[in-house]
Protein chains: 2
Amino acid sequence: MSLKHAILVMLDQKPHSGYDLLQQFKESVGYFWNAKHQQIYRQLKILHDEELIAFQSEIQSGKPDKKIYAITQQGKDELLRWLKEPVATNKINDALLVKIYGADSAPIEDIASEIERHIEIHQNTLNYLLALEKKYLSLSSNEQLNFRYPYLTLRRGILGEEAWLRWAEEATQLFKK
Amino acid sequence: MSLKHAILVMLDQKPHSGYDLLQQFKESVGYFWNAKHQQIYRQLKILHDEELIAFQSEIQSGKPDKKIYAITQQGKDELLRWLKEPVATNKINDALLVKIYGADSAPIEDIASEIERHIEIHQNTLNYLLALEKKYLSLSSNEQLNFRYPYLTLRRGILGEEAWLRWAEEATQLFKK
DNA sequence: ATTTACATGTAACCTGTTACATGATTTT
DNA sequence: AAAATCATGTAACAGGTTACATGTAAAT
């Protein structure tokens, strides 16, 4: 379980509403963490019940009140406990590779066009991550120091996407013949 | 959902028992698909109820009967339908990166040793995959042709692990200072 | 006029993990 | 003597997805 800790990490940096967290997961850290809004709101409720987070309502007109969540001392304790504990390596379940493994049983044009579709998506992701990197590299060295750990995770995203695209070249080679 | 299709792909190549499938997932295709035995046995039961697979019992002494599952025509139809259908790109939830993102809140020695531990695991995985590749490359060109799609997935595993380890070098650099 | 963004939630369902259960054979 | 391998399963729980629900304001 770790959506719990992903949220605690985000709230440890600064307070966020559920909606904010959703945007973070979609826009800035989606290359290493994903969650749907239903999952986030449910988890926030649980964390609140456990008193690891607290919230203040921000009244808005025409919209539901915005609940701004902040981490509590108990939350910080739990986060530190988790940070010190070993974490299992990432488990991969990749449906595209299942398809390719079974490609003998399908028309290869279908598989080939599927790969092309995925290449486009991965290329877009890479471009987006490279733009984030450019933004980081334009910061002052002091600010760069502040964001060095998030930047390291961004590097993982970039190197991961680059490797994926290099593999895709091998794949298209094979499907061309 | 796709354990269903991962199993169908495996059974489409040749019949397997639940235990066999578990070994496959652990040993040969674990770099793209993972499942626990409980999940596999449950899924096999469901697939059997849906008549996508059938089994024959192999009587053994001192052990439970081995159920050898094979794909049915209906199963092949379902597999083909799925193979032709687009698949969503892989969603990543990586707890190690969550930790690094929040590394400001933890003793860096803990994070650094955690990364070292992961490097060892990834290096072992890479070595294992390279050994599998060596085996493939020693096959006759005819046999290589037969296994070209599984080999392509293996290449994905290798390129993925290599990229991970290159990233880990950047990470250790940062944690050394 | 329609879609997207904002903002939160409930309910049902599906997928994956952990704990428990059995019992012979082989390896360390 | 203890642990790992073979071989299958049940039950409870945790995590994640899909469908449904509401309603304003801004952008296309």
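A note on names: the letters A, B, ... follow the listed sequences, proteins ahead of strands, and every chain is numbered from 1.
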Those residues that, when tested against Ser28(B), pass side chain to side chain donor-acceptor pair (under 3.5 Å) (two or more places apart): Gln24(B)
Within the sub-3.5 Å range, which N or O atoms of nucleotides 26-28 of chain D have a protein N or O partner, and how far apart are they?
none

Quick one: does Tyr136(A)'s side chain get under 4.5 Å of Gln144(A)'s, heavy atoms only? yes
Per-pair distances, 0.1 Å, donor-acceptor, side chain in residues 44-56 of chain A, under 3.5 Å, sequence neighbours excluded:
none

Five pairs at each end of the helix from dA1(C)-dT28(D) to dT28(C)-dA1(D): take the axis at both ends and give me the angle between them to 10°. 50°
Mind checking side chain to side chain donor-acceptor pair (under 3.5 Å) for Ser105(A) and listing every partner two or more places apart, or none if nothing turns up? Asp12(B)
Given the options Phe25(B), Tyr151(B), Phe32(B), Tyr101(A) meets ring-ring contact (aromatic ring centres under 6.0 Å, His included) only with Phe32(B)
So, Gln23(B) versus His16(B): side-chain donor-acceptor pair below 3.5 Å or not? no
Who pairs with Ser138(A) by side chain to side chain contact (heavy atoms under 4.5 Å, CB included), at least two apart in sequence or on another chain? none
Salt bridge (Lys or Arg N to Asp or Glu O under 4.0 Å) contacts touching residues 85-100 of chain A (sequence neighbours left out): Arg81(A)-Glu85(A), Lys99(A)-Glu114(A)
Can Asn124(B) and Glu120(B) be counted as having a side-chain donor-acceptor contact under 3.5 angstrom? no
Heavy-atom closest pair (Ala95(A) atom, Asn90(B) atom, distance to 0.1 Å) is N-OD1, 4.2 Å
Take Trp164(B) and Leu159(B), measure what side-chain contact (heavy atoms from CB on, under 4.5 Å) needs, and give me the verdict at the end. CA-CA 9 Å; Trp164(B) 194 95; Leu159(B) 292 173; over 6 Å; no
Who pairs with Tyr31(A) by side chain to side chain donor-acceptor pair (under 3.5 Å), at least two apart in sequence or on another chain? Thr153(A)
Return the residues of residues 84-96 of chain A meeting this criterion: a heavy atom under 4.0 Å from some atom of DNA chain C. Order them by number, or give none. Lys91(A)
With a 4.5 Å heavy-atom cut-off, do Phe175(A) and Ile115(A) have their side chains touching? yes
Using a heavy-atom distance cut-off of less than 4.0 Å, which residues of residues 38-54 of chain A contact DNA chain D? Gln38(A), Gln39(A), Arg42(A)
Between Ile7(A) and the options Leu79(A), Ile71(A), Leu21(A), the side-chain contact (heavy atoms from CB on, under 4.5 Å) test singles out Leu21(A)
Let's see if you get this right: which residues in residues 7-36 of chain A place a heavy atom under 4.0 Å from DNA chain C? Ser17(A), Gly18(A), Tyr19(A)
With sequence neighbours left out, the residues meeting salt bridge (Lys or Arg N to Asp or Glu O under 4.0 Å) with Glu133(B) are Arg155(B)
Report the distance from atom NE2 of His37(A) to atom P of dA21(D), rounded to the nearest whole Å. 14 Å
Short side-chain N/O contact to dC14(C) OP1/OP2 from Lys4(B), under 4.0 Å: no
